Amino acid sequence: MTKLLLMGPPGAGKGTQAVGLAERIGGVHISTGDIFRANVAEGTPLGVKAKRYMDAGQYVPDEVTNAMVRDRLAHDDAQSFVLDGYPRTLDQVETLDGILADLGTELDAVVVLTVDHEELIARLLKRAETSGRSDDTEEVIRGRQDVYVAETAPLLPVYRERGLLREVDGVGSIGEVAARINDAIGL
Ligand code: AMP
C-alpha cells in the first residue's frame with residue numbers, strides 16, 4: 001500500500017503525472033479539482049458552493065474541501081492513492097494528518113514538481129486555448145500562481161522537515177518526468 005501526495009504549482013503537469021503514477025502503484029488518483037469540476041457539472045450543492053471560488057481562481061473554503069477529502073479517503077479503494085491538488089493550505093495539512101491517523105495510516109512520500117514560473121504561465125495560456133475551463137483566463141492564471149506561492153508553497157518546508165519531500169524537475173516529456181518520479185520514490 002502506497003500513499004502519495006503530488007504537489008506543484010498550477011501548470012506543472014500534476015494531473016497528467018498523477019494519473020500515470022496512480023497506475024504504477026496500483027492505486028487510485030484522487031484530484032480535488034476533478035471532484036469539484038464533476039460536482040459543478042452536475043450542479044450538486046457542493047458544486048454550487050465551489051463554483052464561484054473556482055471561477056475566480058481562489059481556493060474553495062477549507063471546511064468544504066476537507067469534508068470532501070475525508071469522505072473520499074474512507075472508501076475501500078483508497079488503500080493506495082495519489083492525492084493531487086490536496087492539501088493546499090496548512091489547515092488542510094493538519095486535517096489530512098488527522099484523517100490518516102484516524103485510518104491508522106500515514107503518507108509514504110510527497111512529490112513536488114518544480115517548473116519555472118514563466119514556463120508555467122506559457123503552458124497554462126496554451127492549455128486555455130483548448131480546455132474550455134472557465135478559470136483559464138490570463139488574469140486568473142496569474143492569480144492562481146500568486147495564490148499557490150502565498151498559500152501552498154509554505155507546505156513544502158513542513159513536509160521537508162518530516163523527511164517526506166521529493167523534489168522532481170517537472171520540465172521534460174511525460175515519460176522523462178515519470179521516470180524521475182519513479183527514481184525519487186524508489187519505484
Ligand atoms: P486544480 O484542478 O487542482 O487546479 O483545481 C481547480 C480549482 O479547484 C482550484 O483553483 C480551486 O478553486 C479548487 N480546488 C482544488 N483543490 C483544492 C483544494 N485542495 N483547496 C481549495 N480549493 C481547491
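In listed order, ligands and their atoms are each counted from 1. Predicted model, so just to flag it, every value in this text is computed and none were measured.
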Would you call R166 and D183 a salt bridge, taking side-chain N to carboxylate O under 4.0 Å as the test? no
Would R52 and D55 pass as an ion pair if we require N to O under 4.0 Å? no
Is there a path of hydrophobic side-chain contacts, each under 4.5 Å between heavy atoms, that joins Y86 and Y148? yes
Is there a polar contact between ligand 1 and P87, counting only N or O atoms under 3.5 Å apart? no
Residues R88 and D62 bridged, charged N to O under 4.0 Å: no
Relative to ligand 1, is Y59 under 4.0 angstrom through side chain, backbone, both or neither, heavy atoms considered? both
Salt bridge or not between D146 and R142? Use side-chain N to carboxylate O under 4.0 Å. no
Would you mind running through ligand 1 and noting each atom that sits below 4.0 Å from a heavy atom of T32? 15 (C), 16 (N), 17 (C), 19 (N)
Minimum heavy-atom separation for A153 to V149, with atom names? CB-O, 3.5 Å
May I ask which of K51, E151, Q58 has a heavy atom nearer to atom 11 (C) of ligand 1 than the others do? Q58
Indicate yes or no: does an N/O atom of V60 lie under 3.5 Å from an N/O atom of ligand 1? yes
For Y53 and ligand 1, does the shortest N/O to N/O distance drop below 3.5 Å? no
Give me the one residue out of V82, V110, L165, D84 that meets side chain to side chain contact (heavy atoms under 4.5 Å, CB included) with L5. V110
Mark the output for K14 as yes if a heavy-atom distance to ligand 1 is under 4.0 Å, and as no if none is. no
Ligand-residue contact atoms, ligand 1 with G85, heavy atoms, under 4.0 Å: 16 (N), 17 (C), 18 (C), 19 (N)
Just to be sure I'm reading this right: ignoring hydrogens, which of Q92, M68, R88, M54 gets closest to atom 1 (P) of ligand 1? Compare them by their nearest heavy atoms. R88
Single hit among D97, L155, T32 for side chain to side chain contact (heavy atoms under 4.5 Å, CB included) with P87: L155
Subset of ligand 1 atoms that lie under 4.0 Å from at least one heavy atom of T65: 18 (C), 19 (N), 20 (N), 21 (C)
Considering the heavy atoms of Y86, write down every atom of ligand 1 situated less than 4.0 Å from one of them. 19 (N)
